[in-house]
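The residues of the chain are indexed from 1 along the displayed sequence.
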Amino acid sequence: PNDVESDIYNTMRDYRDLNSMVKFVLLSLVNTDPKLVLPENYAGSDSVKKKLVEIFGANPDLRGKIESAESTKYRMLDELVESCIARGEKIVIYSRYREGITEALQKRYAKYGALRIDGSVDADPHGKRFSDRDIKRLTFQTNPDAKVMIITDALREGQDLHAANNLAFLHMDLSPGRNDQLIGRLWRRGQTKDVNAYVLGAASTVDYGVHLTESKKREGISQVDLGIELNSNLKAVLSRDAPIDKQPFLGIYLQNSHTV
């Protein structure tokens, strides 16, 4: 992240009155586009909006920083999209979050015939042969002018997107299986090219904590398969009961600077 983004991120991270899951989401949004955490833009609960109002009230210069901030992640994504299209290839962009992101990205890449499949796109065919989601997916698969597809988890497992051979993760999932499923939507029967998966993340932030946790989960799963005894950290990583702030490779990135 640039210096302005880092200032915004640190302010959110150091605010004490946020539970770990809410803080994780807010920090992920700041890393994506700082404008997403402005109270009027935040699409989550009213209680979190009130917290954001408090944060901005206690930091009056924060709004100006956000309004002048350019998303580093989006700038990196622009470069990636342009390089894929210059090679004559299509790209799928995955976002964990919908509000404020997927529609904005579709507009951002409209010149590349961008399509999106998220929770706002109807999956019910209503008696017709194809649903709106089916039509968008099939359009991407068959129309050479549709070069970019933006998706969330609304695109179900097993849905084919092999017209593209590039996948950009705006956000990784903590689960290796879910990330592999996303890659598998491109890397499947009919794919004739090497599939490239790109992870866009900010160093020394929750993005890196997610990447590290996902990598350690893969390591733990591999050791279980081989019958190797897990150490305490890998046991904690694989535990479904461990809250996000107790994850040994992620929790540190949620702690404020006064406790680290």
- Is there a donor-acceptor pair closer than 3.5 Å between any side-chain N or O of Gln191 and the backbone N or O of Ala164? yes
- Item | Identified side-chain contact (heavy atoms from CB on, under 4.5 Å) counterpart of Leu105 within the set Leu170, Val148, Asp33 | Leu170
- Item | Members besides Leu230 in its Ile/Leu/Val/Met/Phe/Trp/Tyr cluster (side-chain heavy atoms under 4.5 Å) | Ile221, Val224, Leu234, Leu238
- Where the side chain of Glu5 meets the backbone of Thr72, is there a donor-acceptor pair that is under 3.5 Å apart? yes
- Item | Salt bridge Asp78-Arg108, side-chain N to carboxylate O under 4.0 Å | yes
- Message: Pair Arg185, Val92 - check side chain to side chain contact (heavy atoms under 4.5 Å, CB included), show working.
- Response: CA-CA 10 Å; Arg185 291 168 190 171; Val92 175; over 6 Å; no
- Query: Would you call Asp207 and Lys73 a salt bridge, using N to O less than 4.0 angstrom?
  - Reply: yes
- Message: Treating Arg137 as the side-chain partner and Asp160 as the backbone partner, does any N or O pair qualify as donor plus acceptor under 3.5 Å?
- Response: yes
- Item | Check ion pair Arg63-Glu40 (N to O, under 4.0 angstrom) | yes
- Query: Are the side chain of Asn143 and the backbone N or O of Thr139 linked by a donor-acceptor pair below 3.5 Å?
  - Reply: no
- Message: Salt bridge or not between Asp173 and Lys217? Use side-chain N to carboxylate O under 4.0 Å.
- Response: no
- Query: With the threshold set at 4.0 Å, does a side-chain nitrogen-carboxylate oxygen contact exist between Glu54 and Lys50?
  - Reply: no
